[in-house]
Amino acid sequence: MSTGPPPPGFSTGLPRRPAGSGTMPGMAFLLSILLSLTATWPVADPQVTRRFDPPPHPWQAGHRGVDLAAPPGTPVRAAAAGTVVFVGRIAGRGVVSVAHPGGLRTTYEPVSTGPLHVGDVVSAGQQLGTLAPGHPGCPSHACLHWGLRRGDDYLDPLTLLGAGRVRLLPL
């Protein structure tokens, strides 16, 4: 069986890296798959109240994460192992962001945090803080907004758990 060049117009859909870029092609993709094997829900017994609904263009309105209803004070846990890259307040709400292998970043808000600092290494399931009330549009007393990004691209965080929607995009 020949393993010659791919047919004209064939694309794997994966970005090409310049030669000598210092990284192995597809390594980020493989790391994100491994991350998905160890991911966990950020709150116990969550109810998804609003799903990921990305805008057609980055500057337009959309929902760049999922909302998970849970009682106020519920422990908020890291969905996967990583390094804390942000702890602070944005628009009056507590926010925590964790960087993961493969260029992924998860964000959690509104969260009341304890002794958590930028640079802290966290394991999957480690408590980041507790769920605070006050998420706009939440049909419950409290909802965790859980986001996922790879670089500038927002992704459905439920894909980390194998529960996200599959979207086919044109080549």
Scanning both residues in full, the closest heavy-atom pair of Ala142 with Leu131 reads CB-CD2, 3.7 Å

Taking every heavy atom of Ala124 against every heavy atom of Thr40, the minimum-distance pair comes out as C-CG2, 4.4 Å

### Message
Can you tell me how the ring of Trp146 sits relative to the ring of Tyr108, calling it parallel under 30°, perpendicular over 60° and tilted otherwise?
### Response
parallel

**Q.** Arg150 side chain vs Asp153 backbone, donor-acceptor pair below 3.5 Å
**A.** no

Is the side chain of His145 donor-acceptor paired with the backbone N or O of Pro110 at a distance under 3.5 Å, no angle test?
-> no

Side chain proximity check, Thr107 to Ser97, heavy atoms < 4.5 angstrom = yes

Walk me through whether Val96 and Glu109 qualify under side-chain contact (heavy atoms from CB on, under 4.5 Å).
CA-CA 7 Å; Val96 176; Glu109 67 106 345; over 6 Å; no

Report yes if the side chains of Pro46 and Leu144 come closer than 4.5 Å at any heavy-atom pair, otherwise no. no

When rounded to the nearest 0.5 Å, the distance separating OG1 of Thr159 from CG of Leu148 is 5.5 Å

Where do Val122 and Leu128 land on the side-chain contact (heavy atoms from CB on, under 4.5 Å) test, with the steps shown first? CA-CA 8 Å; Val122 295; Leu128 303 173; 4.1 Å; yes

Rounded to the nearest 0.5 Å, the CG atom of Leu158 sits from the CG atom of Leu68 at a distance of 7.0 Å

Shortest non-hydrogen pair, Cys143 vs Ala69, comes out as SG-CA, 3.9 Å

Original post:
Is there a side-chain contact (heavy atoms from CB on, under 4.5 Å) between Asp120 and Thr83 once you walk through the steps?
Top reply: CA-CA 6 Å; Asp120 287 351; Thr83 303; over 6 Å; no

query: Heavy atoms, side chains only, cut-off 4.5 Å: are Val111 and Val87 in contact?
result: no

Note to self: Under 4.5 Å between side-chain heavy atoms, counting indirect links through other Ile/Leu/Val/Met/Phe/Trp/Tyr residues: same cluster for Leu155 and Val85 or not?
What the structure shows: no

Practice task
May I ask you to decide if Gly129's main-chain N or O and Gln127's side chain share a donor-acceptor pair within less than 3.5 Å?
Solution key: yes

Between the OG1 atom in Thr49 and the CG atom in Asp67, the distance rounded to the nearest 0.5 Å is 4.5 Å

For Pro72 and Pro133, the nearest pair of non-hydrogen atoms, with its separation, is CB-CD, 4.3 Å

Rounding to 0.5 Å, atoms CZ (Arg89) and OG1 (Thr113) come to a distance of 8.5 Å

Within one Ile-Leu-Val-Met-Phe-Trp-Tyr cluster: Trp41 and Val43, side-chain cutoff 4.5 Å: yes

dist Thr106:OG1 -> Leu160:CG (nearest 0.5 Å) comes out at 7.5 Å

